[in-house]
Engineer: 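The structure is given below, and queries will be raised subsequently.
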Amino acid sequence: SVLNRLLEILKDSSFFVAAGSKEADPYKAAEEKRFDALRECFALHVNVNAASSDETFFKFVQNANCRKPDEAQSAALIRSDDMKSWQPKIDKIELSTDAKNLISEIRRKCFDYYVSLFRWKKIIRILKTCAFLNGRDKIDLADCLLVDYAIPNRIVEGILKQKVIDGKLDSKQHIQYK
């Protein structure tokens, strides 16, 4: 019942929600079907590594209060007013033909991994936001690298590696997204 209530809240939310998990391998987690409904609510799945050394671990756990951002970090924070003013501009971002072709190929080849239309809509919104924040009016192939974090599937990883990383990025884009 707790999981069902959480799902209700997440589906009704207009916010992007971040959460942590003890699952170390997002690909393995995606293969297990028991949490599909919950996983569907999260747009991106990013593996966060554990503290790798004792020094890093104790530095983290002994820090009593969160560090406040300095002036430069505060200036870089995205404020809700910024987000509200960007929404209409993000709505106008289009998919390039290359991006459409790549997304179509992913949809065709991932027939055994269900991705709802609702989730695809979130994925496209993230890609549009990425293009907007990089000053472009179209989603390009480099933006599509984020699909690997939205659909943790080895087939998606392979398609993106073949089409985007190995074949389609020019040196400027490769440096920007490395």
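What's counted below: heavy atoms across the whole structure, side chains too, no hydrogens, waters or symmetry copies. Worth saying up front: this structure is predicted, and the values here are computed from it rather than measured.
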Engineer: With the side chain counted from C-beta on, respond yes when Cys144 and Leu127 share a heavy-atom pair under 4.5 Å apart, and no when they do not.
Structural biologist: yes
Engineer: Crowded around Gln87 CD? As in, over 12 foreign heavy atoms under 6.0 Å?
Structural biologist: yes
Engineer: For Arg136 versus Ile93, what's the shortest heavy-atom pair and its separation?
Structural biologist: O-CD1, 3.1 Å
Engineer: side-chain contact (heavy atoms from CB on, under 4.5 Å) with Ile124: which of Lys121, Lys122, Lys128?
Structural biologist: Lys128
Engineer: Would you compute the distance between atom OG1 of Thr129 and atom CH2 of Trp86 and round it to the nearest 0.5 angstrom?
Structural biologist: 9.5 Å
Engineer: Any idea which heavy atoms bring Ala99 and Leu95 closest together, and the distance?
Structural biologist: CB-CD2, 4.1 Å
Engineer: Is any side-chain heavy atom of Cys110 less than 4.5 Å from a side-chain heavy atom of Val115?
Structural biologist: no
Engineer: Start with the C-alpha gap between Ile103 and Trp120, add the side-chain angles, then the distance that decides, and say whether side-chain contact (heavy atoms from CB on, under 4.5 Å) holds.
Structural biologist: CA-CA 10 Å; Ile103 290 168; Trp120 273 113; 3.7 Å; yes
Engineer: Just verifying a value: how many Å separate Glu105 CD and Ile155 CD1, rounded to the nearest 0.5 Å?
Structural biologist: 11.0 Å
Engineer: Determine whether Asp140 and Asp98 make a side-chain contact, defined as any pair of heavy atoms from C-beta on separated by less than 4.5 Å.
Structural biologist: no
Engineer: Would you say Leu160 and Leu102 make side-chain contact, with heavy atoms under 4.5 Å?
Structural biologist: yes
Engineer: Taking 4.0 angstrom as the limit, do Asp91 and Arg125 come out as a salt bridge?
Structural biologist: yes
Engineer: Nearest 0.5 Å, please: how far is CZ in Arg107 from CD1 in Ile151?
Structural biologist: 9.5 Å
Engineer: Report the distance from atom CD1 of Ile139 to atom CG of Asn134, rounding to the nearest 0.5 Å.
Structural biologist: 12.0 Å
